[in-house]
Amino acid sequence: MFKRRKPRSYSQIATELIYPRGGWLRAGQYVLYRLRRLPDQPHKIGRGVAVGVFVSFTPLHGLHFLIAAVISWLIGGNILASLLATFVGNPITFPFIAYSSTWLGREILGTHGYLSPKMILNEFADATTQLWRNIHAAFGPETAHWDQLRSFFYDVYLPYLVGGLILGTFAAIAAHYMTVPVIRAYHRRRARKLAARIEKIRTGGTQSGAPPVRTRKVRATESRTEANSVKPSTPAPVDKK
């Protein structure tokens, strides 16, 4: 029932991960729409959003969904909100997040040198390639090499992690305090609209001269009352003489 009529190819899936079909603006609007309509308390949704934003600043790429869900569950936040909030980390924002986090981490750790977003991306790609080669080497005759992974960890990954934790904490706090009042205002407005709609249904029949709207339970009660009020007529006595 919920499958596509025409399944997507692997190339289409990879392309939509980089650039959604409707564009990033529409994808962001969809995420905000889903966040507003989550059936949960505003402070729990705010916790989930804070967790998703925080995780997006970490270099644990590929594990953001899992980590966000676990942390949100531990602190009592909305898990779906945390998953939606990881949208903050996308191919458009990742270069800025990676550069700012790595720069701050290198400044704190005292590591000198300049790393551009392109250099950081290349370092991640090279480290991933060597990691896979070492995994294959464990089951084959090849020799594992860890020199590039060691330098990658101390020059890129560790500064990225330290700076990302700091920037992610500030971003998460800001996201929480921005999300909670917005969700509360949306819930209050939705409650007012629902109350006005119910009041309009109740008073609409009286103002237009039409009979008021009756529920199925009320109609059944009235039917039983009418049936009980109608007594069967007794036949006249027959004179046997």
Side-chain angles (χ1 to χ4, degrees), residues 10 13-20 24 27-28 31 47-75 77 79 81-176:
Y10 291 107
I13 295 175
T15 302
E16 291 183 6
L17 287 175
I18 300 175
Y19 188 81
W24 285 108
V31 170
R47 291 177 189 174
V49 172
V51 170
V53 172
F54 173 77
V55 172
S56 298
F57 278 79
T58 63
L60 304 172
H61 303 296
L63 300 174
H64 284 175
F65 269 22
L66 179 60
I67 297 174
V70 172
I71 297 178
S72 182
W73 176 73
L74 290 175
I75 67 175
I79 296 178
S82 66
L83 299 181
L84 291 173
T86 56
F87 176 79
V88 171
N90 55 72
I92 295 179
T93 60
F94 269 139
F96 301 98
I97 293 175
Y99 172 76
S100 58
S101 299
T102 306
W103 173 82
L104 180 60
R106 291 173 69 88
E107 290 292 328
I108 293 175
L109 297 175
T111 305
H112 302 287
Y114 171 79
L115 291 178
S116 64
K118 185 178 180 180
M119 294 174 61
I120 296 173
L121 178 62
N122 292 335
E123 290 290 336
F124 268 93
D126 295 340
T128 304
T129 302
Q130 189 174 55
L131 180 61
W132 279 110
R133 288 178 179 174
N134 292 344
I135 293 175
H136 287 293
F139 301 96
E142 300 178 0
T143 304
H145 300 280
W146 300 96
D147 53 343
Q148 188 173 358
L149 286 174
R150 189 179 296 108
S151 62
F152 165 76
F153 178 79
Y154 288 105
D155 294 339
V156 180
Y157 193 85
L158 185 59
Y160 191 160
L161 180 62
V162 173
L165 291 177
I166 297 174
L167 295 180
T169 300
F170 286 104
I173 295 174
H176 179 271

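Throughout, numbering of the chain's residues begins at 1 and tracks the sequence.
Not one N or O on the side chain of His64 forms a donor-acceptor pair closer than 3.5 Å with the backbone of Leu83.
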(request) Begin with the C-alpha distance, continue with both residues' side-chain angles, and end with the deciding distance and a verdict on side-chain contact (heavy atoms from CB on, under 4.5 Å) for Thr93 and Phe87. (result) CA-CA 10 Å; Thr93 60; Phe87 176 79; over 6 Å; no
Going by atom type alone, with no hydrogens or angles, which donor-acceptor pairs under 3.5 Å involve a side-chain atom of residues 99-110 and a protein atom two or more places apart or on another chain?
unit_1: Ser100; atom_1: OG; unit_2: Phe96; atom_2: O; d: 2.8
unit_1: Ser100; atom_1: OG; unit_2: Ile97; atom_2: O; d: 3.2
unit_1: Ser101; atom_1: OG; unit_2: Ile97; atom_2: O; d: 2.8
unit_1: Thr102; atom_1: OG1; unit_2: Ala98; atom_2: O; d: 2.6
unit_1: Arg106; atom_1: NH1; unit_2: Asp155; atom_2: O; d: 2.6
unit_1: Arg106; atom_1: NH2; unit_2: His112; atom_2: O; d: 2.6

Just list the side-chain donor-acceptor pairs under 3.5 Å for residues 48-57, sequence neighbours left out, or say none.
unit_1: Ser56; atom_1: OG; unit_2: Gly52; atom_2: O; d: 2.8
unit_1: Ser56; atom_1: OG; unit_2: Thr86; atom_2: O; d: 3.4

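Considering CD1 of Ile67 and OG of Ser82, their distance stands at 11.5 Å, rounded to 0.5 Å. Atoms OH and CD1, on Tyr160 and Ile120 in that order, are 7.5 Å from each other to the nearest 0.5 Å. Between the CG atom of Leu115 and the CG atom of Asn122 there is a distance of 11.0 Å, given to the nearest 0.5 Å. In this structure, Phe152 CZ and Leu131 CG are separated by 10.0 Å, a value rounded to the nearest 0.5 Å.
For Phe94, the ring pair (Phe, Tyr, Trp, His ring centres under 6.0 Å) test picks out His61, with sequence neighbours left out. With sequence neighbours excluded, the residues forming a side chain to side chain contact (heavy atoms under 4.5 Å, CB included) with Ser116 are Tyr114, Lys118, Met119, listed by chain and number. Under the ring pair (Phe, Tyr, Trp, His ring centres under 6.0 Å) criterion, His176 pairs with no residue at all, not counting sequence neighbours. When the side chain to side chain contact (heavy atoms under 4.5 Å, CB included) test is applied to Gln130, the partners found at least two apart in sequence or on another chain are Asn134, His145, Asp147, Gln148, Leu149.
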